[in-house]
Each structure stands twice: as C-alpha cells, then as structure tokens.
2 protein chains.
Amino acid sequence: MESISELVERFQFEKVLNSNPQSKSIVLLGKIDDKHAIITAEKTHFSVNSSTNEYSNDYEKLKQTTKNDIYYWGTALLKQDLESNPSAKINVIWPATDIHIKKYSQQTMHLVRETPDVYNRIVKPYIDEMYEQRRLKWVHNILYENAEADRVVYKDLIEENKEGGFVVLPDMKWDGINIDSLYLVAIVYRDDIKSIRDLNPSHKNWLITLNNKIKTFVPACYNFALRPDELNIFVHYQPSYYHFHIHIVNIRHPGLGLGMSAGKAVLLDDIIENLNYLGPQGFMNKTLSYIIGTNHDLWARGLKDEVARQLQAEDIPRSRSST
Amino acid sequence: MESISELVERFQFEKVLNSNPQSKSIVLLGKIDDKHAIITAEKTHFSVNSSTNEYSNDYEKLKQTTKNDIYYWGTALLKQDLESNPSAKINVIWPATDIHIKKYSQQTMHLVRETPDVYNRIVKPYIDEMYEQRRLKWVHNILYENAEADRVVYKDLIEENKEGGFVVLPDMKWDGINIDSLYLVAIVYRDDIKSIRDLNPSHKNWLITLNNKIKTFVPACYNFALRPDELNIFVHYQPSYYHFHIHIVNIRHPGLGLGMSAGKAVLLDDIIENLNYLGPQGFMNKTLSYIIGTNHDLWARGLKDEVARQLQAEDIPRSRSST
C-alpha cells in the first residue's frame, strides 16, 4: 500500500491547476508512474486555543521590511512541528480522472443577465431535464425516508399542512462543531418551487413564516450561542439543485467565497421585499443577474452565446476571443 | 530606533483581538514597555511564479492522516527561508491607541432591515451630518483639484455634460499589478446622489450609460486582459462615504470578505433592474436589508434598537442579552 510520502516523492509536477492567495491554497497537477495525480496543499491557520483564546505560535526569525512612525512591517519564519503544529494540510488524489482534473481546475467566471426570455429558452429546459433525471432522490430520502435522520437539526411538519413544512440539516461544508462557521440548509416539503424564478406574491406569507421560524428555532437549537439577527439567510441562483432550499449561515462566517456573493446569494429578506413590487408573475418577470462559471452546464447550453449577444446589442467590445 | 525583532521579543501577549481561519491571519493585543502593541500576522501564500506558472515550494516532511481508495490526506512541514520564502508577514503597531485597538478588534455583525421610516429617522440625519463635516474633501480633490492624477485610470468628463462625468481610480485594496485582484472605483461628478437610496427611475439611463462605459473602457485600459462580462460592478450599502461611487472588481478576485457579499454589495445591473419596478420614488420606498458591524456609528445611533423592535414585532426571541 502506497503512503502519501512515497506518492509525493514520486510526483512529477506538470502545472498549477488553481492557486488561491486568499485561502493560501494551491492545486497541482502532475504524474505519478505515468498516471495523473492532483496534490492540494493549504497553509494551516495559526494555532489559537478557542476555549482560552491563547495563542501559542512562535516566531523563529524576524526580518524588518520597513518602518513608518508607529507602523512596522516584516517577514518571519515560524516554528513548525509535524505532530503539534504542521504548516500545511496535504491532499493527494491518485490516480486522478479527467473529471477530477476538471473539478479542481480554475474556471473563468462570467456575469450573466438572465432575462425572462433567456430563462424560458435556456434555463427552464435544463431545470426540467435535471428534474426528470430524478437527481433529487437524495432530497426525497431526507424528507420522506428518514435518511440522515440523526443529522436533522429541526423538522417542522404537520400532516395537515405539508405545504408549510421544512427540515433543517447541517450543510456538508460545516464541521458541525464551530458555531462561527455554522452552516445549515432548510429544505422545504413543497416541491412546486424549483428556484426563485417560481416565486410570486402568493408565496409571500409562506416565506415570511419560514423566515421567522428559522430565526426563532435555529438560535434555540444552538443554545442561543447566536442571535436571530446574526443569521445570514439566503438562497442561491443558480442553485446546485432545483428543489427550493434556504442557506442559513452565521453572519460571522469567515469566508464562503462566491457562496455569499451578490450575484450568487439573494437574501431571503430581499426576496420577500421584491415580491412587493414584481407584480403577479413575481420573479418570472425579472431579469436576474448572476455570476456563473464556464464549467456549469448552462454556460455551454446557451448562456455563453447570450452574453456575447447582449454585449453586441449594447455595442460593448468583447475584448478578446471567447473561450 | 526600535527594530521589529526587538519589539516582538519584548511583546507581552494579552489576548487575541481577531483570528481568521480563512485568510490564516491573526491579530494579537499585548504590551511593550507598558504601552499597547498590536501584532498582525498572516501566513504567506505558496510561491507560484505567475509568469511561468511554476511552483517552487517543497515539503520537508510529510505525515499521512488517512487514506480512502484514491484519496490521501496528510500534514506537512514546509521548507522556509527568511529571504526568499518566509512563512508569515508580520505587522506591528506600537504604541497603539484605543482607536487602533477598536479598528483591529473583531466586531459582531447584524442583519438590519432598513425601512423607509428607519432611513428617514436614523440614517438620513447621519448622512447629512457626515456631509456637513466636509469629510468628502478628498473626493473633491480627486474630481476637481487633480489630486492623485497619476493614479487616474480613466476620466470621462465633457464640460457640457458634467452630470454624466466620472473618474476611475485603483482602490487602495488593490496592489495595482495583479489583474486577478483588479479593484477600481468609479467616482461620479454629480453630487446629488449620496447612496442608492437617492436613486429613482429618472437615473436609469444615466446608470445604464455608466455601466456600459465601464464595461467598454476598463478592459481597454488593461490591454483586454479581462472581458466586460468578467467585471463585477457593484455599489455598497451602507457605503464607506456618501458620494455615489461604483466598485469595479475582477470577477475572479479570490476574496473580498464582506465587500462582495449579498447584504453589502448590490450589483449595478440589479439596481438598474429594480428601477423598473420600484415606482417614481425609486429606492426611497424600498426596505433595504444589509449586514452591519457593531462598530459602525449607525448601530449605536438607532439600528440596534430598531433590530430589537423588529424582532419583538415578529415575536422572535432575541436569544441572549444584547451587546
């Protein structure tokens, strides 16, 4: 059996697949014994003891870069220890398939304006297809088959009012422990809402009730370690699956990347507010602007051409050959 | 004259002011010779040569944590060198004032729903006060006194149409070099728009023109290294100063924290779209939901009480004593 040290030793570097200076992480593509391997490395955080708020890391050497008045800048070497204080987390995938390589590669992102027409021509057929392929079996299992029952944080379901029911579970991105990065998902029982596009003023009271219930019960489920106005409650468009679900995140969450961005996340409060103005068709009439990666199926299925068409219509040069 | 090494050696740790596991940075408060000192440390990124896309960091030691099928996890010690490959950037402020300490301390964040009434009672008087204190002298200097003229990326000003004019400069958060983290600000010449609250349908065509000009000229100014649909064009509410300005950021920007978040950033495309629905009073009629820190003046000036009042009105328990 191979060990990670042997694999890394035999790794022949080919190229950097992705590099994130914010999270200090890097993804490398290379080969081990003629088969593709992906190495992901991420610097570790400084070791802070969260219960005592003590900091134990130490500088081994320091070098001053510059000084101005009361401000000093420098660089340092840090003490490191493989057992108690490693400097990086390493992950190796070997042998890696083309799907792995695509998943870990940096994709270019684009801003798309989805008009009602674009929705009907490009997005709706895609959603219908996803739905027919029964990709939502796992959602059904959670709602009706008691799957992940031990993970359920809160379930709101009365037989007489299945329409209003929902279930709250920890998101996979959360470690389930650190309240600072609390991340839950509320999945609703009704299955007629595939995305915010399907919301109209008839859903307003339902959404207000949902919002208030989340603000009431989530703090209670976590022993009031956070207040209702410290919850970030939002929906994604495009979502990763087309059954209406709501993200519930600690407002102090140190970083979600695109997940919390304008152009991806829409606050539930804003959705409710928008239903006051959008008319009886609700979001079906709105132009929705969002950020989408070129690896998303919808990009090749028409959004790429649509962006090009819109820029041309507005006489904005596209700058360079499209990719 | 003190050197950073001497200061750090004499530093007596008191507490962790802030700690961000996402950016791997930590802020420590302590004392040097009985005066407060703040030490900020941030881990460095892996060294990738951006021109050759080569990666030069090396593992000194590796330890396997676990293995499952083709997936291997482990921890590592990294080679480090004070000159060419330091492991952290260090910043010392000494002596630090209470204002420094407040600035670098973690603040709790809250979600606020600003109704038109809350705007008129709490926010508008604050904006008027900020304006009277002439805090915008530096904006005036940029627009009319040629301040920072060497930094101006693009200026669009015709004497006959001052209303439509704007100037584009690099934001202080950008290093001015790495296009991946490109961050510009467009400041408009007209001074009757303090924030998005002042926008109504009469501004729609002006905003569309601004949006299209930004998408046309910014890629051109950077040698078409990015496309118009790779620009993230947005406005902050609350903004950090009350003269209408627009943020222009590379959509690939690896991380802006709250700066790009729903609940802080509003896409210019969405603003324009909203003006189709909001009626003749525009944003003055809307309830705006946003995230605000307790260090913001507006929190103590009334938003804190307003949040409490709203939760009570909706019968949502506040969970724990307010801070």
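Quick caveat: nothing in here was measured; it's all calculated off a predicted structure. First the proteins, then the strands, lettered A, B, ... as listed; each starts at 1.
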Exercise for review: Taking atom types as modelled, find out whether A:Y72 and A:Q64 have a side-chain donor-acceptor pair closer than 3.5 angstrom.
Suggested key: no

Is it the side chain or the backbone of [X] that comes within 4.5 Å of chain B heavy atoms, both, or neither?
{"X": "A:D81", "answer": "backbone"}
{"X": "A:A41", "answer": "both"}
{"X": "A:E42", "answer": "both"}
{"X": "A:I39", "answer": "side chain"}
{"X": "A:K286", "answer": "both"}
{"X": "A:L7", "answer": "side chain"}

Out of [options], return the one with the most heavy atom pairs under 4.5 angstrom to chain A.
{"options": "B:S289, B:A88, B:G293", "value": "B:A88"}
{"options": "B:K61, B:R113, B:H253", "value": "B:R113"}
{"options": "B:K89, B:Q107, B:K63", "value": "B:K63"}
{"options": "B:D69, B:V8, B:I4", "value": "B:I4"}
{"options": "B:N232, B:D270, B:I26, B:L258", "value": "B:I26"}
{"options": "B:T75, B:I233, B:I272", "value": "B:T75"}

Heavy-atom pairs under 4.5 Å with chain B are the metric here; pick the option from [options] that has the most.
{"options": "A:D269, A:L77, A:L111", "answer": "A:L77"}
{"options": "A:E83, A:E60, A:K264, A:E9", "answer": "A:E83"}
{"options": "A:Q310, A:M109, A:E273", "answer": "A:E273"}
{"options": "A:A265, A:S23, A:S5", "answer": "A:S23"}
{"options": "A:T44, A:L231, A:T40, A:I90", "answer": "A:I90"}
{"options": "A:T287, A:L311, A:N274, A:D180", "answer": "A:T287"}

Point to revise | Side chains of B:L226 and B:N250 in contact at under 4.5 Å (non-hydrogen atoms) | key: yes

**Study point:** B:Y290 side chain reached by B:V266 side chain, heavy atoms, under 4.5 Å
**Key:** no

**Study point:** The single option from A:V92, A:L28, A:I38 passing side chain to side chain contact (heavy atoms under 4.5 Å, CB included) against A:F11
**Key:** A:L28

Study note, to complete from the structure: Exactly one candidate in A:N91, A:N18, A:N20 meets side chain to side chain contact (heavy atoms under 4.5 Å, CB included) with A:S25; the answer is A:N20

Exercise for review: Report yes or no: does B:Q80 contribute a side-chain atom to a donor-acceptor pair with the main-chain N or O of A:L78 at less than 3.5 Å?
Suggested key: yes

Check your understanding: Within 45° of the ring axis of B:Y59 and under 6.0 Å from its six-membered ring centre, is that where the NZ or CZ of B:K79 lies?
Key -> no

Review point. Distance under 6.0 Å and angle within 45° of the ring axis: does A:K43 meet both against B:F46?
Key: yes

Review point. Is the ring centre of A:Y71 less than 6.0 Å from the ring centre of B:H100?
Key: yes

**Study point:** Mutual orientation of the aromatic rings belonging to A:W299 and A:H110 [parallel < 30°, tilted 30-60°, perpendicular > 60°]
**Key:** parallel

Review point. Would one find more than 12 heavy atoms of other residues, nucleotides or ligands at under 6.0 Å from atom NZ of B:K213?
Key: yes

